[in-house]
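Have a look at the structure below, then the notes.
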Amino acid sequence: MTAEREVGTVSVETLDRNAPILECRKLRMEFSGVRALRGVDLAVHPGEIVALVGPNGSGKSTLINVLSGMFKPTAGRIVFRGEDITGRAPHAISRLGIGRTYQIPRPFSTMTVLENVAFAAMFRHDGLSRTDAETAAWEYLDFTRLTPVAHKLPPAINLQQRKFLELARALAAQPSVLMLDEVLTGLNPAEIAESVDMVKRIHQSKVTIVIVEHLMRVVTELATRMVVLAQGEMLADGLPSEVMRRPDVITAYLGRQHA
Ligand code: ADP
Ligand code: MG
C-alpha cells in the first residue's frame, strides 16, 4: 500500500517529512554460524545522507546486501515507503527504487560501459526501450564523466572509472534511495573530491543516500546522520559531530583508525 493511499487526502510531501522511506527492524543475518547482523534497527528518512561506518567485518556490506535483497535476512523486517518488502528479490527491490553500488565493482565485463548503463535503464521500473535506454545512458555517462570511455569494456578502464560506472548503473535504475558501499575507497584525494561533489549532486536531485565510508572528513562533509555498526550491532546513531565524540565509538572504531 502506498503512502498516498494510506493517508487519503494528506499530501505525500507532508507525510514524507516524518515517515521513514526505508526502515529495518530487528534485522538479523547469519552465515553458517557467523552472526553478521544481530538485530539492527535503522530508519532512513527522505532527504537524509546517512553515513554507515564501523570497523571491517562489522556488517556494513551485509546490511546493504540484505536491504537490497541479495540475502534474505535470518530474522527481522524491511519496510520501504510503509510496505513490507522482506525477502523480495534484488530486481524487484531495485524496481521499487532502492539502488546500490557494490564494494567491489561488478559490471558485465563483456558489455561496453555504455551498454552496462543502458542495460540498467532497460530493466528499471518503467522499462525503457533499447533506444531510449541508450539515450538515457549517455546522460548518466555525462554526469559521471564517463563519456570518453563509453565504448570501452570495463576491464579496460581505471578504478575510479569503474567506481563511477557502478554509480552510473545505479542511477540509471532511477533510485529514490541509493546505498553506496565504499565508493571512495582506493581513490586519490582529487578523485575523492570529485566523487564527493558527485554524491552531493545526486543528493540534490532528491535521492536519499546511505553511504559506507571510512574517511571521517568525508562523513563530516556529506552526512546528515552517522550510524556506527560494531560486530553486527548498532553502536550509535545521531549527528556526525556528536557521534564522532562518543568514547565508545572512538574505542570501537575511530581510535583504531587515528591511533
Ligand atoms: P563490513 O562490510 O562491515 O566490513 P561485512 O558485512 O562484509 O562487513 O561482514 C560482516 C561479517 O559477515 C564478517 O564476519 C564476514 O566475514 C561475514 N560475511 C559477510 N558476507 C558473508 C558471506 N556471503 N558468507 C559468509 N560470511 C559472510
Ligand atoms: Mg564492506
Side-chain angles (χ1 to χ4, degrees), residues 22-42 44 49-78 86-91 93-94 98-107 159-160 162-167 169-170 175 177-187 191-192 195-196 199 209-219 222-223 225-238 240 243-244 246 248-259:
L22 178 63
E23 200 179 352
C24 62
R25 300 180 192 146
K26 298 187 167 55
L27 205 62
R28 305 182 72 88
M29 184 73 223
E30 293 178 15
F31 301 103
S32 53
V34 177
R35 292 193 288 165
L37 298 175
R38 310 174 185 219
V40 172
D41 289 294
L42 175 66
V44 179
I49 301 185
V50 177
L52 187 56
V53 308
N56 278 336
S58 57
K60 305 177 300 293
S61 293
T62 301
L63 181 56
I64 289 182
N65 287 335
V66 175
L67 292 174
S68 62
M70 279 257 296
F71 300 133
K72 198 174 171 203
T74 310
R77 314 304 307 166
I78 301 166
T86 319
R88 294 214 193 154
H91 70 270
I93 290 185
S94 165
I98 303 175
R100 56 128 355 131
T101 63
Y102 288 87
Q103 187 170 343
I104 297 165
R106 30 193 281 166
L159 174 69
Q160 185 198 25
R162 280 202 297 279
K163 297 249 172 188
F164 282 5
L165 176 54
E166 275 288 294
L167 262 184
R169 292 171 74 210
V177 177
L178 178 59
M179 301 186 287
L180 304 170
D181 197 354
E182 300 203 17
V183 276
L184 312 182
T185 307
L187 304 185
E191 292 168 342
I192 288 173
S195 309
V196 165
V199 173
I209 291 176
V210 176
I211 179 167
V212 174
E213 182 47 52
H214 288 291
L215 293 173
M216 286 308 122
R217 60 184 166 83
V218 170
V219 171
L222 278 180
R225 186 146 71 94
M226 179 170 168
V227 168
V228 183
L229 281 184
Q231 298 179 345
E233 280 175 307
M234 202 189 282
L235 186 65
D237 177 355
V243 169
M244 279 180 206
R246 276 180 45 170
D248 53 343
V249 170
I250 293 167
T251 307
Y253 176 63
L254 302 174
R256 215 188 277 186
Q257 197 190 33
H258 296 297

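Side chains included, hydrogens not; waters and symmetry mates left out as well; all remaining heavy atoms used. Source: prediction; values computed, not measured. Remember, it's 1-based here, ligands and their atoms both numbered in the order they're listed.
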*Could you check Met179, Gln103, His214 and say which one makes a side chain to side chain contact (heavy atoms under 4.5 Å, CB included) with Lys60?*
His214
_side chain to side chain contact (heavy atoms under 4.5 Å, CB included) assessment of Ser195 paired with Leu187_ = CA-CA 9 Å; Ser195 309; Leu187 304 185; 3.5 Å; yes
*Under a strict 4.0 Å criterion on non-hydrogen atoms, which protein residues are in contact with ligand 1?*
Phe31, Val34, Ala36, Pro55, Asn56, Gly57, Ser58, Gly59, Lys60, Ser61, Thr62, Phe71
_According to salt bridge (charged side-chain N to carboxylate O under 4.0 Å, His left out), does anything in residues 225-234 pair up with another residue at least two apart or in another chain? List the pairs._
Glu48-Arg225, Arg225-Asp237
*asked:* Once salt bridge (charged side-chain N to carboxylate O under 4.0 Å, His left out) is applied, what residue pairs with a partner in residues 30-40 remain, sequence neighbours excluded?
replied: none
*Main-chain N/O of Arg106 paired to Arg169 side chain as donor or acceptor, under 3.5 Å*: yes
_Just so I know, are the side chains of Arg25 and Asp41 near enough to count as touching, which here means a heavy-atom distance under 4.5 Å?_
yes
*Below 4.5 Å, heavy atoms only, C-beta onward: do Ile64 and Leu180 meet side chain to side chain?*
no
*For the Mg ion (ligand 2), check which protein N, O or S atoms are under 2.8 Å away and list them.*
Ser61 OG, Gln103 OE1
*asked:* Is the shortest side-chain heavy-atom distance between Val183 and Glu166 below 4.5 Å?
replied: no
*Sub-4.5 Å side-chain heavy-atom contact between Leu63 and Cys24*: yes
